[in-house]
Amino acid sequence: MDVTVDGPRVDAKARKGELGDVWIPIRRGDERAAFTASELGFSCKVVSELLLGEKFAPSAAMQPGSGDTMPLLLLARVLVRGQSKT
């Protein structure tokens, strides 16, 4: 059965992007929200804050598992919105 929806299926705006995605770091503190890149994308400062800083909690995918034996690999990608388009 096909279902057509005119609006968003999840109210991401009300949840400030915190939708349980294992890849997205969440800002700590009272103003919890999913990480959103600026129009400039990633910089060394942003990547450093995401990996080592105190502003964001690491995403679930960034947590090493008890059986992980492979070296750490970082692949960072982001979609940046501009002029109201993704």
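Please read all numbers here as calculations on a predicted model, not as lab measurements.
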Mind checking the [atom1]-[atom2] spacing from [X] to [Y]? Nearest 0.5 Å is all I need.
X: E49; Y: F42; atom1: CD; atom2: CZ; answer: 13.0 Å
X: W23; Y: R77; atom1: CH2; atom2: CZ; answer: 11.0 Å
X: D68; Y: S66; atom1: CG; atom2: OG; answer: 7.5 Å
X: R32; Y: K16; atom1: CZ; atom2: NZ; answer: 10.5 Å

Does any part of the side chain of [Y], heavy atoms only, come nearer than 4.5 Å to the side chain of [X], both counted from C-beta?
X: L74; Y: V47; result: yes
X: I26; Y: F56; result: no
X: L50; Y: P25; result: yes

**Item:** Within one Ile-Leu-Val-Met-Phe-Trp-Tyr cluster: V46 and V78, side-chain cutoff 4.5 Å
**Value:** yes

**Request:** Might you confirm whether atom CD of E54 has over 12 heavy atoms from other residues, nucleotides or ligands at distances under 6.0 Å?
**Result:** no

